[in-house]
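One structure below.
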Number of protein chains: 2
Amino acid sequence: MNSDFTLAIHSLTYLALQPDRMSTSDAISESAGVHAVRIRKVLSLLKKHGFIKSKEGLGGGFIFARDLSEVNLWDIYKLTSEGALQPKCPESNEQCVVGANMQRVLFNIFIGAEEHLGDYLKQYTIKDVLELIYDK
Amino acid sequence: MNSDFTLAIHSLTYLALQPDRMSTSDAISESAGVHAVRIRKVLSLLKKHGFIKSKEGLGGGFIFARDLSEVNLWDIYKLTSEGALQPKCPESNEQCVVGANMQRVLFNIFIGAEEHLGDYLKQYTIKDVLELIYDK
DNA sequence: ATAATCTATAACACCTAGTATTACAGTACG
DNA sequence: CGTACTGTAATACTAGGTGTTATAGATTAT
């Protein structure tokens with residue numbers, strides 16, 4: 001899976017620790033160890049879906065917009081990584097019964113797999129992650 | 001996920017349809033739509049773990065070595081894609097409590113996720129896949 | 001023996017997706 | 001205004017996945 005998921009969780013957790021003031025993309029990017037532009041791209045997605053608010057200009061930045069315990073990892077997975085589980089299927093030979101149908105069969109199986117993954121990831125909220133951060 | 005998983009399943013399913021004779025990597029690669037060398041690389045892995053047998057020389061090729069119903073998708077996932085679920089974690093800032101612990105927290109959560117995925121994928125054997133191929 | 005057909009691998013080239021970087025426009029505040 | 005931010009497009013870089021070529025070794029038929 002690409003790292004957008006990680007960066008989104010990282011950002012939300014960071015913001016969860018600063019509930020009263022705006023955090024800049026620079027500060028978050030320093031914590032996460034990636035370029036600020038990338039963080040802003042991820043944050044932009046989170047904002048579009050209402051998880052955070054942002055403010056431009058001096059003193060601006062990002063801030064959490066929901067209750068920590070009502071945002072779970074499946075919400076974020078869907079935003080950043082939906083479909084990532086699907087194994088890549090090269091275009092195979094339509095003349096062969098295996099080639100002609102393999103893609104469909106695996107696709108359907110992995111639709112189910114992702115639903116299953118969803119049930120698991122829904123267990124973990126940002127609040128839980130924050131607790132795990134401190135719970136060594 | 002990379003396509004090794006797909007290619008392995010594709011190859012096994014192909015071999016399952018030819019239980020009485022050897023199939024060449026050329027034939028399988030034509031069905032799967034990728035280069036024969038890549039198929040051989042995947043088949044080499046399957047052979048090393050005892051799922052198939054191979055024979056060199058004229059009339060040689062590959063053949064299934066187990067019962068169709070005792071090889072499941074989780075077996076193959078473990079061979080080809082274990083760890084693929086883990087989201088990438090950039091090296092983050094150790095000075096920050098979030099940066100210092102995020103990787104560990106997510107790693108542990110996704111260990112659980114992969115176990116969960118395992119339980120799901122174990123449901124499907126090559127025999128099942130073969131039936132699904134014909135079952136439109 | 002020798003030729004033909006296959007596996008087994010290493011080595012190299014290519015291509016794509018992920019990532020970093022630069023650049024610049026827009027907004028808010030003092 | 002100038003400064004400090006977000007927002008986003010465009011470009012460059014990089015690594016991993018993939019395709020291709022090359023070569024050695026095994027087996028069989030003639």
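These numbers were taken from a predicted model, which means no experiment stands behind them. So that the names make sense, note that chain A is the first sequence line, chain B the second, and so on, each numbered from 1.
Taking atom CD1 of B:Ile52 as the reference point, atom C1' of C:dT7 lies 11 Å away to the nearest angstrom. Between the NZ atom of A:Lys41 and the P atom of D:dA9 there is a distance of 9 Å, given to the nearest Å. Rounding to whole angstrom units, CG of residue A:Leu43 and P of D:dT8 are separated by 12 Å. Between A:Met1 atom CE and C:dT19 atom P the separation is 12 Å, expressed in whole Å. Between B:Ile63 atom CD1 and C:dT7 atom C1' the separation is 15 Å, expressed in whole Å. Atom-to-atom, CD1 of B:Ile39 to C1' of C:dT7 comes out at 14 Å; the value is rounded to the nearest Å. The CG-P distance, from A:Asn2 to D:dA15, rounds to 17 Å in whole Å. For B:Met22 and C:dT5, the CE to P distance is 18 Å, given to the nearest whole Å.
Closest approach to the B:Ser44 side chain among C:dT19, C:dT9, D:dT8 is made by C:dT9 (side chain taken as heavy atoms from C-beta onward). Of the candidates D:dT6, C:dA8, C:dT19, C:dA8 carries the atom nearest the B:Ser54 side chain, counting heavy atoms from C-beta on. Set against C:dT7, D:dG19, C:dA8, the side chain of B:Lys47 has C:dA8 as its closest nucleotide. Closest to the side chain of A:Arg38, out of C:dC6, D:dT6, C:dA20, is C:dA20.
In terms of phosphate contacts, A:Ser3 brings a side-chain nitrogen or oxygen within less than 4.0 Å of OP1 or OP2 of C:dT19.
Residue whose closest nucleotide on DNA chain C sits further toward the 5' end, between B:Ser25 and A:Leu7: B:Ser25. Between B:Lys88 and B:Phe62, the residue anchored nearer the 5' end of DNA chain C, judged by the nucleotide with its closest heavy atom, is B:Phe62.
Using cut-offs of 30° and 60° on the angle between ring planes, the pair A:Tyr120 and B:His116 is tilted.
Under a cut-off of 6.0 angstrom, the local environment of CD in A:Glu30 is sparse, with at most 12 non-hydrogen atoms contributed by other residues, nucleotides or ligands.
No side-chain heavy atom of B:Val105 sits less than 4.5 Å from a side-chain heavy atom of A:Ile9. Looking only at side-chain heavy atoms (C-beta outward), B:Val34 and B:Ile39 come within less than 4.5 Å of each other. Residues B:Leu73 and B:Val129 are in side-chain contact: their nearest non-hydrogen atoms beyond the backbone lie under 4.5 Å apart.
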Scoring nucleotides 22-30 of chain D by protein non-hydrogen atoms under 4.0 Å (B base, S sugar-phosphate only, - none) yields ---BBBB--

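Placement of A:Leu15 and A:Ile63 in two distinct hydrophobic clusters is found when ILVMFWY residues are connected by side-chain heavy-atom separations under 4.5 Å, directly or transitively.
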Show, in sequence, the C-alpha distance, side-chain angles and deciding distance for A:Asp67 and A:Lys127, and conclude whether the salt bridge (charged side-chain N to carboxylate O under 4.0 Å, His left out) test is met.
CA-CA 9 Å; A:Asp67 193 280; A:Lys127 185 158 178 283; over 6 Å; no

